[in-house]
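Here is the structure we will look at.
Note that ligands are numbered from 1 as they come in the structure, with each ligand's atoms numbered from 1 the same way. Counting from 1, the numbers follow the sequence of the chain as shown.
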Amino acid sequence: MSTDQEAPASRQQKPRRPTEMPGVLKLWETSPTGLDPRVDLFLSSLAVDSRLLEVDLEGSAAHAAMLGVKGIIPQSSAKALTDALAAMLAEARAGALKPDASAEDVHSFIELELTRRLGDTGKMVHAGRSRNDQVALDMRLYLRQAFNEAKVGVLDVIGSLCDLASANLEAYMPAYTHMRRAQPSTLAFHLLAWCAALERDWGRFDDAAKRADECPLGSAAVAGSGLPLDREAVARALGFARPSRNAMDATADRDACVEYAAAAATLLMHLSRYCEEIILWSSAEFGFMDIGNECSTGSSIMPQKRNPDVAELVRGKTGRVFGSLVSLLTIQKGLPLGYDRDLQEDKAAVFDLRDTLAGVLPAFVALVEALKPKPAAMAAALETGFAEATDLAELLVAKGVPFRDGYAATKAAIAAATGKGIGLAALSDADLAAVSGAFAQAGIKAADLAAYLNPSACVARRNLVGGPAPVRTAEEIARLRHFVEDSSQQ
Ligand code: ARG
């Protein structure tokens with residue numbers, strides 16, 4: 001038996017170079033040698049970047065039209081190119097234009113396909129541009145959609161939280177610090193805290209989209225072109241605010257990808273925290289709310305269980321999103337300017353981010369819609385734990401007692417109430433007098449405390465801007481609804 005026959009099948013099929021297999025000829029290859037097939041496979045980005053087919057066709061059409069207008073190629077050739085690109089775009093939208101697997105990337109495929117359809121005219125399209133320009137442009141066009149999608153998704157989340165908040169303006173519950181009961185609050189206020197962060201998240205996507213609003217076409221790989229390109233016209237045709245300001249930066253820069261990832265990571269960090277709260281609140285230990293069956297799952301073995309899988313998976317996806325951000329930053333940190341092939345790795349991260357957001361945001365809205373708060377259980381958490389203690393200290397301040405003395409008197413009152421196993425409002429005048437002279441001095445009567453320290457009174461008093469008083473939370477919901485409405489029309 002020969003050695004060859006003994007070799008496993010997988011080894012026998014491995015491509016070999018250069019003697020046994022022909023090289024692979026690329027768009028840029030003019031020598032007959034061709035590329036080692038193993039290298040060809042390694043370098044190809046087509047499987048990933050074919051998602052850029054439509055945006056690349058749009059960019060190519062704008063470039064070709066400009067070449068005609070400027071007389072760099074004959075008008076008739078420009079017309080043939082733009083017609084063919086329009087036909088290819090229609091085919092791409094119908095799913096009928098499949099990139100040929102032998103092309104190195106989607107940009108090469110389009111030029112090769114134009115040449116296949118138009119002959120020599122197809123070869124004119126690449127005057128004054130490079131694939132470096134194309135990929136930079138395509139990512140900006142792609143991110144324009146991704147930014148918009150993220151912004152709409154965040155607005156949907158805020159809308160769903162406003163609905164839940166407006167139904168729970170007076171659903172009293174403790175506000176927590178250090179995961180300990182801290183002060184009386186409402187569910188509406190807590191949900192509006194979530195919205196405050198989400199509004200900033202929306203702003204991060206919006207700001208980043210504005211910074212990304214520059215057209216890299218005409219960079220011509222790195223140092224610009226000597227051809228009389230009209231960069232302003234191409235930028236306008238593609239809906240950009242302006243052409244990019246430096247050809248070298250435009251082709252080497254992936255800040256828009258990083259900013260998209262950073263905004264996504266911050267958003268997911270927030271959603272992950274909220275999911276953690278939902279998981280806690282819906283546990284038997286808290287019992288503040290249920291998650292409807294439409295958004296919870298059962299166990300395959302434990303018949304009694306309903307699990308908060310949606311919240312858990314959002315929390316889990318957060319790790320993946322952070323990973324994309326770190327990957328985009330790390331890919332770039334050692335790169336000299338201009339373009340380096342390392343940058344090809346940007347796409348997998350950005351595409352994964354968009355897919356992840358497209359899954360997470362609607363699922364989170366569904367989760368919010370499925371929450372069924374239990375106001376009695378939330379209010380019961382205010383019956384013990386002295387969340388109203390700050391209110392008593394502030395009452396003393398309002399009657400002229402220095403805060404630190406009021407704090408000490410309240411702390412002593414808490415110790416007395418704890419000793420008796422009662423709440424602050426149940427202390428007698430004699431109890432108050434026994435713990436501190438401050439109460440009598442301030443004219444505070446035990447009989448008045450029950451009404452004063454009631455959760456609804458505590459919350460109603462917190463009616464400063466940014467506070468939980470129902471009048472304030474109702475105003476904030478109205479403001480947020482306007483924000484959602486105005487921003488949806490952008
Ligand atoms: N496929 C490449 C990428 O995604 C396109 C640019 C290639 N440019 C080059 N000079 N090799 O980054």
For Asp83 and Lys79, what are the C-alpha separation, side-chain angles and deciding distance, and is it a salt bridge (Lys or Arg N to Asp or Glu O under 4.0 Å)?
CA-CA 6 Å; Asp83 286 351; Lys79 170 91 173 62; 2.6 Å; yes
Shortest non-hydrogen separation from Leu46 to Ala101 and the atoms involved:
CD2-CA, 3.7 Å
Pairs touching residues 173-182 that satisfy side-chain hydrogen bond (donor to acceptor under 3.5 Å, both in side chains), sequence neighbours left out
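Checked against side-chain hydrogen bond (donor to acceptor under 3.5 Å, both in side chains) - neighbours excluded - the pairs reaching residues 173-182 are Arg181-Thr384.
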Hey, could you give me each pair passing side-chain hydrogen bond (donor to acceptor under 3.5 Å, both in side chains) that has a residue in residues 89-101? Not counting sequence neighbours.
Glu58-Arg93, Glu91-Arg117, Asp100-Ser102
Partner set under side chain to side chain contact (heavy atoms under 4.5 Å, CB included) for Ala90, not counting sequence neighbours
none
Could you tell me whether the side chain of Leu114 reaches within less than 4.5 Å of the side chain of Thr121, counting heavy atoms only?
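The answer is no; the side chains never approach within 4.5 Å.
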Taking a 3.5 Å cut-off between nitrogen or oxygen atoms, can you list every pair linking ligand 1 to the protein, with distances?
residue  : atom   : partner : partner atom : Å
ligand 1 : 1 (N)  : Ser45   : OG           : 3.1
ligand 1 : 1 (N)  : Asp105  : OD2          : 3.0
ligand 1 : 1 (N)  : Gln344  : OE1          : 2.8
ligand 1 : 4 (O)  : Lys347  : NZ           : 2.6
ligand 1 : 8 (N)  : Asn132  : OD1          : 2.9
ligand 1 : 10 (N) : Asn132  : OD1          : 3.3
ligand 1 : 12 (O) : Tyr339  : OH           : 2.4

